[in-house]
Amino acid sequence: MIFDNQYEQQRIQKAQKLKELGHNPYGHNIKRDSTASEFLRTYAYVRDLEDRKDPTKEAKVCGRVKFLRHMGKAAFMKIEDQSGILQIYVNRDSIGADWFKEAKKLIEVGDIVCAVGYPFVTKTGELSLHASKLDIATKAIKPLPEKFHGLQDKELRYRQRYLDMIMNKEVKEVFLKRSKIVSIIREFFEERGFLEVETPMMHPIAGGANAKPFITHHNALGVDRYLRIAPELYLKRVIVGGFEAVFEINRNFRNEGMDHTHNPEFTMLEYYWAYHTYEDLMKLTEELFEILLSKLDLPSKIPYGEFEIDMSTPFRKIKFFDSIVEIGGVPRNILYDRDEIIKYLKEKGLEADEKASLSALQTELFDEFVEPKLINPTFITHYPIAISPLARRSEEDPEIAERFEFFIAGKEIANGFNELNDPLDQYERFKKQLEAKAAGDEEAHEMDEDFIQALGYGMPPTAGEGIGIDRLVMILTNQHSIRDVILFPAMRPLSKEIKEIRKDDK
RNA sequence: GGAUCAUUAGCUCAGUCGGUAGAGCAACGGAUUCUUAAUCCGUGGGCCGUAGGUUCGAACCCUACAUGAUCCA
């Protein structure tokens with residue numbers, strides 16, 4: 001039996017008793033005519049009345065019982081709905097002596113109830129509902145955690161997010177804000193003529209990013225499929241097809257480790273804009289942040305942990321190699337010398353892979369000495385072409401990609417570039433990736449011949465950008481773990497569950 | 001992948017030197033018709049994460065494993 005705990009058994013019996021008394025503990029079609037906060041707003045005037053009550057009015061409010069104080073022949077309870085919390089006053093004479101006596105035992109903290117009554121102000125000054133009727137809406141058979149400290153255990157909070165939401169108000173606020181952020185972004189792109197499209201989540205070839213994919217199997221076709229690591233190659237096919245401004249907000253899946261900035265499934269915004277350049281994307285990114293801040297009522301300086309992030313635009317721009325020198329403090333004369341970089345890394349007490357390519361070592365310098373220092377929003381531009389397999393080459397310097405990455409609080413938030421639309425160059429770059437893969441780079445791209453074909457029909461000059469929604473939400477809600485901005489973050493199965501699964505396999 | 005810490009009642013947490021397992025909230029019984037984490041009196045509730053080991057004796061010491069957190073890679 002799943003509910004075999006003593007408290008749960010008690011509550012199951014109470015639900016049964018309620019049923020016997022004609023109060024369905026799981027009734028349906030229960031309507032209310034006011035939320036808690038509407039009640040408080042509508043009847044705020046009662047505070048100014050002489051006897052501080054208005055029995056001519058009546059409202060029905062429903063919510064979960066969060067506090068319950070029995071006072072003999074009266075009781076106070078606080079009920080909470082999505083809008084807020086409202087105090088209900090119940091006494092024997094107003095709801096009937098028999099029912100009062102039963103309800104006192106059968107309705108408890110955690111249950112969802114409905115109360116009908118008029119507004120009044122208590123002696124201690126709280127606007128409350130004076131109940132003439134009280135009924136159960138839904139009986140909870142599991143008790144809530146302790147009312148003062150709430151639910152603290154992080155593991156339980158993530159595994160049982162519903163309980164976390166019931167107990168910790170701030171959690172609901174974060175996810176409310178997340179929802180608003182996504183909605184603002186959608187509106188932002190729609191207003192500018194972008195079409196929202198949906199592209200496959202199951203790919204025959206995992207492309208569009210350097211990452212390890214999840215593999216699944218399509219029985220009907222007898223083929224393996226990859227959960228997408230990025231929508232990029234499909235969105236560009238859509239551009240080839242003639243939609244000139246598109247975006248998609250959806251999940252990507254990467255079969256990699258989990259930590260406070262990585263969840264195996266995460267949400268990305270990607271958008272592609274024909275006849276625009278990555279310079280335009282940077283401008284659009286700044287505009288998007290201006291609008292996010294203003295619609296979320298955030299100041300231009302927002303707190304993030306120990307930092308204060310200055311979000312005023314325009315954001316700082318600096319070239320990749322300049323940032324390594326000016327922000328990272330690395331001597332410029334070693335930047336293109338593998339041996340010198342390895343020597344430098346070792347001097348700084350870091351491990352250096354002797355076999356690493358020059359571009360990998362340059363990236364290492366950036367990751368170590370620059371990225372953590374990019375607290376205020378910063379665009380890093382002019383990336384080496386070797387680490388930008390899908391980006392267009394700069395005309396002035398073929399070793400540099402027309403690309404930027406965008407950082408806030410030492411985290412990569414976005415990545416954008418002029419899209420490579422030369423099919424032959426793209427073909428060569430895929431071949432290079434295949435060589436890297438053969439040499440052991442598990443995250444290198446696969447060859448996608450259909451994508452090359454699509455480019456063969458001609459993709460107009462296009463720029464595209466991906467923005468990590470989870471990390472963006474982290475910055476804007478001052479949360480430091482990606483798990484705190486994902487309702488149901490990935491968790492290891494409990495050991496019991498593993499045993500069950502293994503049993504089923506046999 | 002490595003290091004450190006945590007895991008004790010439904011929840012939040014104590015637990016001394018290795019010697020009968022503790023509190024608050026919640027629950028149960030009672031008092032209380034204006035309480036605010038209500039208050040007062042009384043009662044019950046434990047696989048001390050799991051499995052081994054050391055010991056006359058382990059929540060406590062040792063080992064492995066599981067899960068989580070933090071830091072590092």
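Chain letters run A, B, ... following the sequence lines, proteins first, then strands; residues in each count from 1.
- In this structure, A73(B) forms no base pair with any nucleotide, since neither Watson-Crick nor G-U wobble geometry is met with both distances under 3.5 Å.
- A3(B) and C65(B) have their P atoms separated by 11 Å, with the value rounded to a whole Å.
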Requested in this report: Do nucleotides 35-48 of chain B as a string where each nucleotide becomes B, S or -: B if the base has a protein heavy atom under 4.0 Å, S if just the sugar-phosphate does, - if no protein is that close.
Outcome: BBBB-----BS---
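- Q13(A) has its CD atom 12 Å from the C1' atom of C28(B), to the nearest Å.
- Using a 30° and 60° split on the angle between ring planes, F430(A) and H445(A) fall in the tilted class, from 30° to 60°.
- Side chains of L335(A) and Y344(A) form no contact here, defined as non-hydrogen atoms less than 4.5 Å apart.
- Here F417(A) and Y383(A) keep their ring centres 6.0 angstrom or further from each other.
- Listed by first and then second residue, the ring-ring contact (aromatic ring centres under 6.0 Å, His included) pairs that reach into residues 135-170 of chain A come to none, sequence neighbours excluded.
- Counting to the nearest Å, the C1' atom of G30(B) and the NZ atom of K104(A) are 9 Å from each other.
- At a threshold of 4.0 angstrom between heavy atoms, the contacts of G150(A) are confined to the sugar-phosphate backbone, with no base atom among them.
- Comparing A64(B) with A27(B), their C1' atoms are spaced 38 Å from each other, to the whole Å.
- Contact annotation for K53(A): no contact, since no heavy-atom pair falls under 4.0 Å across all strands.
- For K73(A), the side-chain atoms get nearest to U33(B) when compared with the rest of U33(B), A73(B), G10(B).
- In this structure, R492(A) reaches the G68(B) phosphate: one of its side-chain N or O atoms is under 4.0 Å from OP1 or OP2.
- In this structure, CD of Q160(A) is placed 14 Å from C1' of G68(B), rounded to the nearest angstrom.
- Within 4.0 Å of D153(A), counting heavy atoms only, lie sugar-phosphate atoms of the nucleic acid but no base atom.
- Taking atom C1' in both G24(B) and C62(B), the straight-line distance is 34 Å, to the nearest Å.
- Heavy atoms of Y158(A) sit under 4.0 angstrom from primed sugar atoms or phosphate atoms, though from no base atom.
- Distances were taken from every side-chain heavy atom of L151(A) (C-beta onward) to each of C28(B), U33(B), C11(B); the shortest belongs to C11(B).
- Contact annotation: R159(A) reaches the phosphate of G68(B) (side-chain N/O to OP1 or OP2, under 4.0 Å).
- Checked against a 6.0 Å centroid threshold, the rings of F404(A) and F315(A) do not count as neighbours.
- A23(B) and G44(B) have their C1' atoms separated by 16 Å, given to the nearest Å.
- Note: CD (E368(A)) to C1' (C72(B)) measures 11 Å, nearest angstrom.
- Counting non-hydrogen atoms under 4.0 angstrom, N5(A) reaches the backbone sugars and phosphates but no base.
- Between C13(B) and A26(B), the distance separating the two C1' atoms is 14 Å to the nearest Å.
- Within the shown strands, G22(B) is the pairing partner of C13(B) under the Watson-Crick or G-U definition, both distances less than 3.5 Å.
- C60(B) and A51(B): their P atoms are spaced 13 Å apart (whole Å).
- Of all nucleotides present, none satisfies the Watson-Crick or G-U wobble test against A59(B) with each distance under 3.5 Å.
- For residues 41-69 of chain A, every residue pair satisfying the ring-ring contact (aromatic ring centres under 6.0 Å, His included) rule, not counting sequence neighbours, is listed here: F39(A)-Y43(A).
- With rounding to whole Å, E108(A) atom CD is found 12 Å from G10(B) atom C1'.
- Taking atom C1' in both A37(B) and A58(B), the straight-line distance is 37 Å, to the nearest Å.
- K14(A) places its NZ atom 13 Å from the P atom of A26(B), with the value rounded to the nearest Å.
- In this structure, D367(A) atom CG and C72(B) atom C1' are separated by 15 Å, rounded to whole Å.
- The aromatic rings of H130(A) and Y118(A) sit parallel to each other, their planes meeting at less than 30°, with 60° as the upper class boundary.
- F100(A) comes within 4.0 angstrom of nothing in the nucleic acid, heavy atoms only.
- A salt bridge is absent between E465(A) and R403(A); no separation between the charged side-chain nitrogens and carboxylate oxygens falls under 4.0 Å.
- Using a 4.0 Å heavy-atom distance criterion, M491(A) is classed as a sugar-phosphate-only contact.
- Using Watson-Crick or G-U wobble geometry with both donor-acceptor distances under 3.5 Å, G45(B) finds no partner in any strand shown.
- Shown here for I327(A) and K373(A), the closest heavy-atom pair between the two residues is O-NZ, 3.3 Å.
- Side-chain nitrogen and oxygen atoms of K154(A) include none within less than 4.0 Å of the OP1 or OP2 phosphate oxygen of C5(B).
- With a cut-off of 3.5 Å on both pairing distances, U36(B) has no Watson-Crick or G-U wobble partner at all.
- OP1 or OP2 of A69(B) sits under 4.0 Å from a side-chain N or O of R483(A).
- Nucleic acid contact class of R52(A) (heavy atoms, under 4.0 Å, all strands): none.
- Checked against D111(A) for a salt bridge (Lys or Arg N to Asp or Glu O under 4.0 Å), the options K105(A), K139(A), K14(A) give a single hit: K139(A).
- At whole-Å resolution of the value, CD1 in I166(A) and C1' in C11(B) are 14 Å apart.
- Residues A74(A) and M258(A) each lie close to RNA chain B; by heavy-atom proximity, the contact nearer the 5' end of the strand is made by A74(A).
- In this structure A66(B) sits in a base pair with U7(B), meeting the Watson-Crick or G-U test at under 3.5 Å.
- Look at the C1' atom in both C17(B) and C61(B): the space between them is 13 Å, to the nearest Å.
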